[in-house]
Peer 1: 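Provided herewith is a single structure, encoded as structure tokens, for subsequent inquiry.
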Amino acid sequence: MSLDNKKVKEIAHLARLNIEDSDIEQATAELNNILSLMDKLGEIDTGDAEPMAHPLKMSQRLREDKVLEDDLSEEFQAIAPKTGKGHFLVPTVIE
Amino acid sequence: MTWETVIGLEIHSQLRTKSKIFSGASTAFGSKANTQACAVDLGFPGVLPVLNEEVVKMALRFGLSVDAAINKHSIFARKNYFYPDLPKGYQISQFEIPIVGQGSIEITLESGDNKTVGITRAHLEEDAGKSIHDLYDDYTAIDLNRAGTPLLEIVSEPDMSSAKEAVAYAKKIHALVQYIEICDGNMQEGSFRCDANVSVRKQGEELGTRSELKNINSFKFLEKAINIEVERQIDILEEGGSVVQETRLYDSIKNETRSMRSKEEANDYRYFPDPDLLPVVISDELLEEIKKELPELPTEKKIRFIDSLGLSSYDAEVLTSQKEMADYFENIIKQGADAKLSANWVMGDLSAALNKSQLEIVDSPISSGELFLLISRITDNTISGKIAKDVFKLMWDGKGTADEIIEKQGLKQMTDSSAIESIIDDVIENNPGQVQQFKDGNSKLLGFFIGQVMKASKGKANPKQVNEILNEKLS
Amino acid sequence: MHNLTVAKIIKGLKNKDFSSFELTQHYLDRIKNSDLNAFISITEDEALSQAKEADKKITKGDSSILTGMPYAHKDIFCTKGVKTSAGSKMLDSFISPYDATVTKKLNNENMVMLGKTNMDEFAMGSSNENSYFGPVQNPWDINKVPGGSSGGSAAAVAARLSPFATGTDTGGSIRQPASLCGITGLKPTYGRISRYGMIAYASSLDQAGPMTQTVEDAAIILNAMAGFDKHDSTSANKSVPDYTQCLENSINGLKIGLPKEYFSEGLDSGVEKIVMQSIKEYESMGAEIKEISLPNSVHAIPAYYIVAPCECSSNLSRFDGVRYGYRCKAPKDLNDLYLRSRSEGFGEEVKRRIMIGAYALSAGYYDAYYLKAQKVRQLISEDFKKAFNKVDVIMGPVSPTVAFDLGSVKDPVSMYLADIYTLSVNLAGLPGMSIPAGFSGNLPVGLQLIGNHWSEELLLNVAHQFQMRTDWHNNSPAEK
């Protein structure tokens, strides 16, 4: 599976990464080079192997429904790039 | 050519837990911005989710109450998209294997007929935070208190064919989640939110392209939004156009739906199993335990009201449609009141008064105990049903208890036969003409005599006795 | 003093041969005089006050064996009040508001953190050249890479800038730099050490571990790092044995498997020679050597380089310039905020892996890439299961070559291919070690030991027995 520049731009947007037009050729070539390594997966006969998402066969542990967290909002907001009136601020989002 | 409407609903009900789905932060509503968002909710580097036990139990409770298949092995997945109120850049949800599988629920239509609506699935997920657009001119403000609040998303089959049916279904689910105490049902606070998938088609044809309506926060708006959207789609199709599959926002002020292109832009969510969470395994023991703890469900209650209380199917349906109403009603009859009479009062005068004042039954100024006393005064012949209505109004206005009002206003029913007789004698004496006509065979005039007697007694004469004595004297 | 092992420092502190303060001051001086660029932050003030505190506790008798022990912490572990950068510009200004569980555990022992070590950005890399804070030099030859991603930790221990360091290993990031710097590195079974507060690269593969001079030290430090954590759903609720108890067991009759796939084309002959010499050493100790096959291990590269990027593309979405970390200057709208903050904040390799992951998970490609890789992962895991029915421990090389020249490998694919011997262990969640086994030229070579799940005791025992018979672990690079 080979990517073209348009697809690379689409993926970059999905990942919210910017690729300058001047860099797109190189980025596409590099990704295709890497993907050629991954495409070897297609040649492997995996038979009826179960997809393995976790290295250990464990099940999810459940937490008791208890409030354990204190309000640390001031500490958290002290390291935020932009805050106001107790909120995190971003450029206006147009709905 | 007639158009057929096809509707499916996705209901997000916020689960009534103390802490969040994956963190120990509080879920309480209405706190100062961001004071209930801990490191996990904020998606700090390195933090990890751990699943809240109660959330799983609540999902199972719902599953069991709609006879759904329970997936004993369900998976949390990540839904990846960027939005400022989504701290991690992904929402933890369930995708391929939700905890609750296929189930169904019965709804009662206006005609009184029942209809079964399929439930496709119900899955657990975390809520996002809130974006506030009107706090600053140049910024959108982010409050992440709601981020990580547990939601159960209940997805129906496209089984509903009108806005009214959709509302009936939504109300049924709304009642159910409150019955089983997994959601407070508060629509204003966003604890219970409906999205509607709406499409139209010509009879017998394939399903049409659907739009997804969002931002509906009341049953009234659900009905309006669907109706306006159906109209819009039919207009487009009749003009030869085609409906676009998209998300549309309902504007309740303008009563219109409009496209939400910003959310449509890139919806490749790249779901994959969340590697920070392991498969949720439900043991038979846990399932048994939940089954045992399950309260009486609306349908079961309805059947009991019909079978052991002798209520009509309609009355039983109305009374069980809301847990609070059923509880109120049951409190009255538990104290020994007649079931049918109590049902009439709850569904009649009480509901009318609540509606008029736009109050919920839990906020009723007349408690179930107080209404019981009023009803008792009817059954013990202290007052007539008609007088009781006046007493009810005074009680509603806070003029005292039933007994206080009856006492103060002297409304006690006249049950002394000799007193009633003397009134009747007066009436007969004063209306010789009518007496003659009655005796000549105009039996309709009985009503006239009763009316005269009641008038003379200021409504206090026991109607049953009046009837008997009149019949006796006039024959 | 700086050549002391953890075990010896424990004795020295106990016997009052030196104080924690003296020790800490000594290491801090060495760190400040070092040009290796092994540290991103030196936490001098904090370290000295921790050391004073530790000395008080030792005097009062209110101490554990590790109280006052200096260490270097990989900059991937969150440390409250101290910059936690993960080697990235994105977190250059990030002062963590909380401690990782591992940090807490070491703090609870009143250990002394000397600083935060350099690393490949977000642990993505095998050479430490992907750090925003510049590459680390290999103390054996400053023109060579130290390996990665825990290159700063490995260099710090090798250059005796710290008695031990923490590391994390997602595809070899403890073992490979340990091998290239001639120290001991242990990646435990997945789930043994809490991941809470360890900045995630690939959640189903990441595992922390100790990087030390000796196996004995690794056992001591593993005791302190390991254990169940209720904040990590993937942490195993399993008791922690005392890993120092089994070190002296005899390994007579031990069955060692050599996977033939680990000794094929691509393996440098100098490295192969050292590995085979080590195997001979084991044979002389009474071990039985068996050739085995891990037929799917050749697929580890494509499987890993799909699984890890998929997980990282999602794990790194939280770095959006909204709540913490880097935000671009004067964003003109939300999209601009996202695009520039992320593009300016992440380095090239990180962006590359995010792109690969986003693509492999996207509609239409999920089955061919992600799901297929998960199936291959299963096959790789089954290979090991079969192998461990026949042998107790698997051995082989860690890296196909010794440390290579800084700046010499420019093509990402060539860099990925060099991870061939380490990736399978992470995919299967197994414990693995690298121990110093000799030199090829002037550069150290590590021997890799792979055990079955939860066999850290055996692995440490086997590795320790080697160090009882050899002296490679006592070698340290010449001081300038």
Side-chain angles (χ1 to χ4, degrees), chain A residues 1 3 7-8 10-20 27-28 30-31 33-64 68 72 74-83 88-94, chain C residues 94-95 97 190-191 204-205 230 233-234 236-237 299 301-303 305-306 313 320-325 327 331-334 336-340 342-343 346 351-352 354-356 358-360 362 365 368-369 371-379 381-382 411-413 416 426-429 453:
Chain A
M1 283 175 255
L3 299 175
K7 184 76 191 170
V8 170
E10 277 172 30
I11 301 163
H13 184 70
L14 267 185
R16 295 298 184 276
L17 292 171
N18 192 33
I19 300 181
E20 297 295 334
T28 304
E30 208 171 64
L31 288 176
N33 190 26
I34 296 170
L35 284 171
S36 66
L37 192 68
M38 312 315 162
D39 284 340
K40 294 198 173 117
L41 283 173
E43 299 158 16
I44 306 166
D45 176 14
T46 47
D48 53 3
E50 276 287 308
M52 178 174 164
H54 286 285
L56 298 175
K57 279 214 168 98
M58 298 197 302
S59 58
Q60 180 60 39
R61 192 160 24 83
L62 302 176
R63 200 190 84 237
E64 201 187 334
L68 298 170
L72 298 175
E74 280 180 32
E75 273 173 68
F76 292 153
Q77 298 204 8
I79 56 167
K82 185 138 192 98
T83 57
F88 298 99
L89 301 186
V90 297
T92 305
V93 179
I94 302 128
Chain C
F94 180 65
I95 308 296
Y190 182 86
S204 77
L205 302 163
K230 64 180 195 315
S233 297
T234 63
N237 198 347
H299 305 315
I301 290 175
Y305 279 101
I306 288 299
S313 72
D320 57 4
V322 177
R323 299 165 314 286
Y324 51 76
R327 175 184 281 204
K332 63 177 198 290
D333 56 29
L334 181 68
D336 189 42
L337 168 76
Y338 282 149
L339 287 179
R340 281 202 292 128
R342 289 169 59 79
S343 298
F346 289 138
K351 284 191 256 190
R352 209 174 277 136
I354 291 174
M355 290 284 289
I356 295 286
Y359 173 59
S362 67
Y365 301 95
Y369 287 122
L371 210 61
K372 185 77 178 182
Q374 298 282 45
K375 288 178 185 170
V376 173
R377 184 175 186 181
Q378 186 73 260
L379 297 181
S381 181
E382 281 165 14
D411 165 36
V413 169
Y416 299 169
N426 300 82
L427 289 167
H453 290 125

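All chains are named by letter (A, B, ...) in the order of the sequence lines, taking the proteins before the strands, and each is independently numbered beginning at 1. Heavy-atom basis, side chains included; hydrogens, waters and symmetry copies ignored.
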Peer 1: Using non-hydrogen atoms only, which part of Ala373(C) is less than 4.5 Å away from chain A: side chain, backbone, both, or neither?
Peer 2: both

Peer 1: What's the shortest heavy-atom distance between Ile79(A) and Ile95(C), and which atoms?
Peer 2: CD1-O, 3.7 Å

Peer 1: Between chain C and each of Thr92(A), Val90(A), Ile44(A), Leu62(A), count heavy-atom pairs under 4.5 Å; write down the option with the most.
Peer 2: Ile44(A)

Peer 1: Does any heavy atom of chain C fall under 4.5 Å from the side chain of Leu72(A), the backbone, both, or neither of them?
Peer 2: neither

Peer 1: For Pro81(A) and Gly321(C), which heavy atoms make the closest approach, and how far apart are they?
Peer 2: CG-O, 3.6 Å

Peer 1: Is Leu205(C) close to chain A through its backbone or its side chain, or both, or neither, when contacts mean heavy atoms under 4.5 Å?
Peer 2: neither

Peer 1: OH/Tyr365(C) to NZ/Lys7(A) distance, rounded to the nearest 0.5 angstrom?
Peer 2: 4.5 Å

Peer 1: If you round to the nearest 0.5 Å, how far is NZ of Lys372(C) from CG of Asp39(A)?
Peer 2: 12.0 Å

Peer 1: Evaluate the side chain to side chain contact (heavy atoms under 4.5 Å, CB included) criterion for residues Leu17(A) and Phe346(C): first the C-alpha distance (whole Å), next the side-chain angles of each, then the deciding distance (0.1 Å), finally the verdict.
Peer 2: CA-CA 9 Å; Leu17(A) 292 171; Phe346(C) 289 138; 4.1 Å; yes

Peer 1: Hey, what do you get for CD1 (Ile34(A)) to OH (Tyr305(C)), rounding to the nearest 0.5 Å?
Peer 2: 9.5 Å

Peer 1: Could you tell me which portion of Leu337(C) (side chain, backbone, both or neither) has an atom closer than 4.5 angstrom to a non-hydrogen atom of chain A?
Peer 2: side chain

Peer 1: Checking heavy atoms, do the side chain of Ala360(C), its backbone, both or neither come under 4.5 Å from chain A?
Peer 2: neither

Peer 1: What option among Asp336(C), Asn426(C), Asp411(C), Ile356(C) has the most heavy-atom pairs under 4.5 Å with chain A?
Peer 2: Ile356(C)

Peer 1: Let me see the working for Met38(A) and Tyr369(C) under side chain to side chain contact (heavy atoms under 4.5 Å, CB included), right down to the final yes or no.
Peer 2: CA-CA 8 Å; Met38(A) 312 315 162; Tyr369(C) 287 122; 4.0 Å; yes

Peer 1: What's the spacing between Thr46(A) OG1 and Leu371(C) CG if we round to 0.5 Å?
Peer 2: 8.5 Å

Peer 1: Quick one: of Lys82(A), Glu50(A), His54(A), Glu75(A), who has the most non-hydrogen atom pairs under 4.5 Å with chain C?
Peer 2: Glu50(A)

Peer 1: Using every non-hydrogen atom in the two residues, find where Ser343(C) and Asn18(A) come nearest and quote the distance to one decimal.
Peer 2: OG-N, 2.6 Å

Peer 1: Heavy-atom cut-off 4.5 Å, strictly under: side chain, backbone, both or neither for Ser313(C) against chain A?
Peer 2: neither

Peer 1: Of all the heavy-atom pairs spanning Arg377(C) and Pro55(A), show the shortest one and how long it is.
Peer 2: NH2-CD, 3.5 Å

Peer 1: Could you please spell out the steps behind the side chain to side chain contact (heavy atoms under 4.5 Å, CB included) verdict for Ile19(A) and Lys351(C)?
Peer 2: CA-CA 10 Å; Ile19(A) 300 181; Lys351(C) 284 191 256 190; over 6 Å; no

Peer 1: Without swapping roles, check the side chain of Arg342(C) against the backbone of Arg16(A) for a donor-acceptor pair under 3.5 Å.
Peer 2: yes

Peer 1: Run the side-chain contact (heavy atoms from CB on, under 4.5 Å) test against Leu56(A) and tell me which residues pass, sequence neighbours left out.
Peer 2: Met58(A), Thr189(C), Tyr190(C), His453(C), Trp454(C)

Peer 1: How far does CZ of Arg61(A) sit from OG1 of Thr234(C), to the nearest 0.5 angstrom?
Peer 2: 8.5 Å

Peer 1: Is chain C contacted by the side chain of Gln60(A), its backbone, both, or neither, given a heavy-atom distance below 4.5 Å?
Peer 2: side chain

Peer 1: Between atom CD1 of Ile354(C) and atom CD1 of Ile11(A), what is the distance when rounded to the nearest 0.5 Å?
Peer 2: 13.0 Å

Peer 1: In terms of heavy-atom proximity below 4.5 Å to chain C, should Glu30(A) be classed as side chain, backbone, both, or neither?
Peer 2: side chain

Peer 1: What's the shortest heavy-atom distance between Ala53(A) and Gln374(C), and which atoms?
Peer 2: CA-NE2, 3.5 Å

Peer 1: Where does Pro331(C) contact chain A at under 4.5 Å (heavy atoms): side chain, backbone, both or neither?
Peer 2: both

Peer 1: Looking at Lys375(C) and Ala49(A), what are the two nearest heavy atoms and their distance?
Peer 2: CG-O, 3.4 Å

